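Below is one structure, written out as C-alpha cells; the observations come after it.
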Amino acid sequence: MQAQADAWRLEGRRIALVPTMGFLHAGHLSLVRLARKMADKVVVSIFVNPTQFGPGEDLEAYPRDPERDRALLAAEAADVLFLPSVAEMYPEGYQTRVSLDRLPHHLCGLSRPVHFGGVATVVAKLIHIAKPQLAVFGEKDYQQLLVVRRMARDLNLDVEIVGAPTVRESDGLAMSSRNAYLAEGQRPAALTLSRALNHARKQVAEGEHRAAAVIANAVATIQAEADTAIDYVKICDPETLEDVSVIDRPVRMALAVKVGRSRLIDNMALVPPHPPSSAQGETS
Ligand code: AMP
C-alpha cells in the first residue's frame, strides 16, 4: 500500500482514504463517492480494529462480509480495497498508542474508555500507510470525526479531514453496520433516536433555548418505547463537546441508546432561529 501510494504521489495524484470496519452500507458508499469527487485515487480500508473495542464489547460479533464489500466497492470504482490483518497492523512487540486529553472524556468516551485512543491510533497508522491528501469520515460518528481532526492537527499530519453528512434509511434510522443486530420488533425503539433529534431540531428552530427542556423531551420520546435504555442524551458545544445549557448558537445534540443488545448512536446540529451576531462573528 505504501509503495502504491508513493507511486501515485510521484505521478502527482491526489489520494483519498476512506477508513471503515466493513459490512458496507449506503452511508459508507456516500463517503466513497465524496472521496471520488475530491481525489484521483480512492483507497477504502476495511479493518475491524481490536484496539478500539473494550472488554465485553462486540469485537467477535461485529458483522463481516468482505466478498460483498469487495463487490460494492468495485461498483463504486474505488481504486484500492486495503484489508490488513490484525497481525500486520499490530505485530509482535507493538506498543504505541495515540491518546487525546479532553475530547474522549465526553459522550461515548465515558462508557467506552479505550475506544477513542484505539480510533486515533489506527487512523494515524492508516494515514501513514495510505499517504492520502484527504481522509473522509461520517458525521454519524461525530465525536470520532472531532477526535480524528484534532489528532491530525496535533500530530501535524499533512492531511485534510473531511466530514460527510449522515445517510439515513427512509424511516429516519441512521445507517449503521450494527443495525444488523436489530430484531424485527425493535425497529420502533431504534427509530426513537432520529425522532427525538428531529423533534429537538424543530423545538430549537422555533425558539426553545433551554437545553434541559429539549433533553427532557428527547428522553421522554425515547423512554416511551420499551426496549430502550439510554446511555446519554446531551446537547454540547460542536467543537469541544462540553455541555451547553443555553442554546444561543449552533450546538450539537448527541445520543446513545441501547436497543436490545445493539448500542445505537445518532446526532444532529441544533440551530437557534437568530443566533446573536457575536456568535456568528458578523452582523446581519
Ligand atoms: P464504520 O465502518 O462504522 O467504522 O464507519 C466507517 C465510516 O463510515 C466512518 O467515518 C463513519 O462515520 C461512516 N459512516 C457510518 N455510518 C454512516 C452513515 N449512516 N452515514 C454517513 N457516514 C457513515
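Heavy atoms only: backbone and side chains are in, while hydrogens, waters and symmetry mates are out. Ligands are counted one by one from 1 in listed order, and the atoms in each one are counted from 1 as well. Only a predicted model underlies this, so the values are computations on that prediction, with no experimental measurement involved.
- Between the side chains of N198 and R195, no donor-acceptor pair is found at a separation under 3.5 Å.
- What sits closest to atom 23 (C) of ligand 1 on the protein, heavy atoms only, is K140 CB, 4.0 Å.
- Between F137 and ligand 1, no N or O atom pair is found at a separation short of 3.5 Å.
- Residue L31 has no nitrogen or oxygen atom sitting less than 3.5 Å from a nitrogen or oxygen atom of ligand 1, judged on distance alone.
- Ligand 1 has an N or O atom lying under 3.5 Å from an N or O atom of V167, backbone or side chain.
- Near M175, meaning under 4.0 Å from any of its heavy atoms, are these atoms of ligand 1: 16 (N), 17 (C), 18 (C), 19 (N).
- Among protein heavy atoms, atom 4 (O) of ligand 1 sits closest to M21 CG, 3.6 Å.
- In the vicinity of P165, heavy-atom distances shorter than 4.0 Å reach the ligand 1 atoms 20 (N), 21 (C).
- The atoms of ligand 1 that sit less than 4.0 Å from any heavy atom of Q144 are 9 (C), 10 (O).
- Residue H28 places at least one N or O, backbone or side chain, under 3.5 Å from an N or O of ligand 1.
- Pairing each heavy atom of A130 with each of M1, the nearest pair is CA-CG, 4.2 Å.
- For T20, no nitrogen or oxygen atom sits less than 3.5 Å from a nitrogen or oxygen atom of ligand 1, counting backbone and side chain alike.
- In this structure, D58 pairs ionically with R178, as a charged nitrogen and a carboxylate oxygen lie closer than 4.0 Å.
- Taking only non-hydrogen atoms, the option from G138, G22, P19 nearest to atom 6 (C) of ligand 1 is P19.
- No cation-pi contact links K125 to F47, judged by a cut-off of 6.0 Å to the six-membered ring centre and 45° from its axis.
- Atoms of ligand 1 found under 4.0 Å from any heavy atom of D141 (numbered from 1 in listed order, with element): 11 (C), 12 (O), 15 (C).
- Side chain of E208 to main chain of R210: a donor-acceptor pair is present (N/O by atom type, distance under 3.5 Å, no hydrogens or angles).
- With D227 contributing its side chain and V259 its backbone, the two residues share no donor-acceptor pair below 3.5 Å.
- Minimum interatomic distance between H128 and Q2 (heavy atoms only, all atoms of both residues): O-NE2, 3.3 Å.
- For the pair D69 (side chain) and L24 (backbone), a donor-acceptor distance under 3.5 Å is present.
- Under 4.0 angstrom from ligand 1, there are no non-hydrogen atoms of S176.
- Contact annotation: for E139 versus ligand 1, there are no heavy atoms closer than 4.0 Å.
- At a heavy-atom cutoff of 4.0 Å, ligand 1 is contacted by the side chain of H25 but not by its backbone.
- One finds no salt bridge joining E239 and R252 here, because no Lys/Arg side-chain nitrogen approaches an Asp/Glu carboxylate oxygen to under 4.0 Å.
- By the 6.0 Å and 45° rule, R64 does not stack over the aromatic ring of F23.
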